[in-house]
Amino acid sequence: MPDRDTVSYNTMIQGCVRNRNLSAARQLFDEMPHRDTVSWNTLISAYAECGRVELARQTFDATPNKNSISWNGLLAAYVQNGRLDDARKLFDSNPHWEAVSWNAMIAGYVRRKRLVDAQLLFDRMPRRDIISWNTMISGYAQNGDIAEARQLFEISPNKDVFTWTAMVSGYAQNGMMEEARRVFNEMPDRNSVSWNAMIGAYMQCGNVGEARQLFEAMRCRNISSWNTMVTGYAQAGMIEDARRVFDEMPQRDSVSWAAMIAGYSQSGFSEEALRLFLEMGRNGERVNRSSFTCALSTCGDNAMLECGKQLHGRLVKAGYGLGCFVGNALIAMYFKCGSIDEASMAFKEMKEKDVVSWNTMIAGYARHGFGNEALQVFDQMRTKGIKPDDVTMVGVLSACGHTGLVDKGIAYFNSMHKEFGVSPKAEHYTCMIDLLGRAGRLAEAQALIRDMPMEPDATMWGALLGASRIHKNSKLGEKAAEKIFEMEPENSGMYVLLSNMYASSKKWTDVGKLRKIMQERGVKKVPGFSWIEVKNVVHSFSVGDLVHPEKEKIYAFLEELDMKMKTAGYLSATEMILHDVEEEEKEHLLKYHSEKLAVAFGILNVPPGRPLRVIKNLRVCQDCHNAIKYISAIEDRLIILRDSNRFHHFNGGSCSCGDYW
DNA sequence: TTAGGGTTAG
């Protein structure tokens, strides 16, 4: 007979665990007069769920009468927390496992993409059940081995709705939409998951119409179905349709909110994204990790450092301090706001780091021109045994490019396939064209474009055009520009780049011609503006700004600064301006570029000793870049400027970009 | 212990 007292204690402990109140659970457990195996097992699985693997192990070791549930609990603790090798040790230490445990171990391998280990275990299994088969089938399907999945599917002794749905989404995820649809049509039974998988697949391949038709024909719609539609519309750029579905849906959960926030955030509707984030909390919905992640990403995109810090505080309070997605979003936010120190703090504080965490650090340092730091992180990553992926290599190559480590970059590029198993893709070739071009090795950059195993795209020609501008090779620049205009006739940034190149060679007739072409084609130069956040208020400036309330103070200060700069040896680079006007007027226009206005405003309003963080929507102009170097020395300020391409840290008269951008 | 919806790096 079970002790009635013990049973009610167990029930209470389970209640605490459901509310994730571990300490209350532990207290009850400690004060129990008699514990049975259920009590011990409850505690083991509670620790497992909260990621406290060591405590789970200790509890397991102390459990007097272990049953199969105790063993499975500890196994799950290891598997769920990614400690597969510990799980395997435990698994091998006990010959009496049930199918559930075999399946758990196999699923763990599958989740970590260790298909070989999964298959070996599957082959050794004495009695496979349908879940074992399904785990293997979906494992292969989701890892791109659709042929193997299909083969297992054919020979599997039983098939249920899981099996069929795994095949549908497997085909869909591998871009085989016709097969996916065929399997979907053939399925003997479909549930809402099967429908949602098919709808989501259509959405992901851009077939919004087919997705909508299925959604409308579907009778077993659940929240996920609606969420799929919200996400699909948002990702197709149909943000209004997404909002309509979001408003129409009969019930929302935290995923619905997160999907809508992400939609706004990714479509550039930052205000709406942040507003919805706040509304989510007010509506009593528990703000989940993904909403935090999206909101952080919005702050990063707009360089709203203060807002980002507030979110950081809120998410720590909400208990979301750990975890890869949130942590990675924090790192990225701090980098994008120009705060390298806080980015690396956030990185250090993460208990578990995934490949994205490392990639974010490498790319972050690279964008700031801290190439050596980026490469140090890359070395640490390899020391820790984390396998670099294609994004890692983009970061590494651009770190080399932005720091002038040309030979190192070439060496990484040549060995990346052999050493890291990452074969060069278009992005890597773009990095290399940029790297060679910046270094003035234009012929090699051209040769690379010619001999690549893929067609060059506009970004690659853009890298070559940028390099031609820096090294004043207008012939090559023209060739690159021609290609770009063929592919992207409305890319105004490239017209400006080309025009600047003509201007710096004083080819004013060509500048004029180009301006005429731009007019004819209706290409508008995007107006440049810069902004700076002071005391939680964003101040933005355009060239020759006459709107800002403190404009007189700013202009007077700039005049003063100009004198000091000239004394220190500054020459205004009148050659870089777009228009062919009188020298004096050119100088006048340059003096009041938006980035200079924002810097001047910052010096006047940010307490001495604190860095200035200025953002510009376009690339920084050469004259401003030169001037801000002088200003950083004269005013003894760290000035961090984010332009559309990268970061510049101006300090003591020089810039972290080493004058290449 | 298996299938679907949200989030991070470029």
Side-chain angles (χ1 to χ4, degrees), chain A residues 72 75-76 79-80 97-108 110-111 129-139 141-142 160-170 172-173 187 190-201 203-204 222-232 234-235 253-263 265-266 288-297 300 320 323-333 335-336 354-364 366-367 389-395 397-398 425-428 430-431 459:
Chain A
N72 283 331
L75 187 69
V79 170
Q80 281 162 18
W97 292 101
E98 309 151 325
V100 197
S101 327
W102 286 83
N103 291 342
M105 195 67 233
I106 293 174
V110 165
R111 221 172 297 140
D129 63 12
I130 191 162
I131 295 181
S132 328
W133 284 92
N134 290 348
T135 307
M136 288 310 297
I137 291 171
S138 76
Q142 282 173 8
D160 62 5
V161 67
F162 280 79
T163 330
W164 286 92
T165 308
M167 286 309 293
V168 171
S169 60
Q173 279 165 25
M187 290 176 74
R190 285 180 279 264
N191 62 13
S192 42
V193 178
S194 333
W195 282 85
N196 294 345
M198 201 62 230
I199 294 173
M203 277 299 195
Q204 273 192 347
N222 57 11
I223 294 190
S224 291
S225 327
W226 290 88
N227 291 346
T228 308
M229 295 302 288
V230 172
T231 315
Q235 283 173 354
D253 62 7
S254 55
V255 174
S256 331
W257 287 87
M260 198 62 232
I261 294 169
S265 159
Q266 284 156 7
N288 56 354
R289 282 189 163 85
S290 20
S291 308
F292 265 114
T293 308
C294 278
L296 284 171
S297 148
Y320 288 148
C324 283
F325 274 94
V326 170
N328 296 343
L330 265 179
I331 302 173
M333 184 274 291
F335 266 127
K336 286 182 181 169
D354 62 7
V355 68
V356 177
S357 327
W358 293 93
N359 291 351
T360 311
M361 286 301 288
I362 293 170
R367 279 184 73 84
D389 65 9
D390 50 337
V391 181
T392 319
M393 294 318 293
V394 171
L397 295 178
S398 74
K425 294 202 292 195
E427 304 90 280
H428 304 107
T430 308
C431 287
T459 338

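Quick note: numbers below take in every heavy atom, side chains included, and nothing from hydrogens, waters or symmetry partners. Note that this is a predicted model, so its numbers are computed, not measured. So that the names make sense, note that chain A is the first sequence line, chain B the second, and so on, each numbered from 1.
In this structure A:Asn191 satisfies the side chain to side chain donor-acceptor pair (under 3.5 Å) test together with A:Ser194, sequence neighbours excluded. A:Ser225 pairs by the side chain to side chain donor-acceptor pair (under 3.5 Å) definition with A:Asn196, A:Asn222, not counting sequence neighbours. Every salt bridge (Lys or Arg N to Asp or Glu O under 4.0 Å) that A:Asp390 has, sequence neighbours left out, goes to A:Lys425. In this structure A:Thr430 satisfies the side chain to side chain donor-acceptor pair (under 3.5 Å) test with no other residue, sequence neighbours excluded. Residues meeting the side chain to side chain donor-acceptor pair (under 3.5 Å) test with A:Thr392, sequence neighbours left out: A:Asn359, A:Asp389.
Heavy atoms of A:Gln266 sit under 4.0 angstrom from primed sugar atoms or phosphate atoms, though from no base atom. Here A:Val394 lies in heavy-atom contact (under 4.0 Å) with sugar-phosphate atoms only. A:Thr360 comes within 4.0 angstrom of the backbone, heavy atoms only, and of no base. No contact: A:Lys425 has no heavy atom under 4.0 Å from any strand.
Judged by distance alone, with hydrogens and angles left aside, the side-chain atoms of A:Thr165 form a donor-acceptor pair with the main-chain N or O of A:Val161 at under 3.5 Å.
The CG atom of A:Leu330 sits 17 Å away from the P atom of B:dT7 (whole-angstrom rounding).
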Worksheet entry | Annotated protein contacts, base or backbone, on nucleotides 1-6 of chain B with a non-hydrogen cut-off under 4.0 Å, one of B, S, - each | BBBBBB
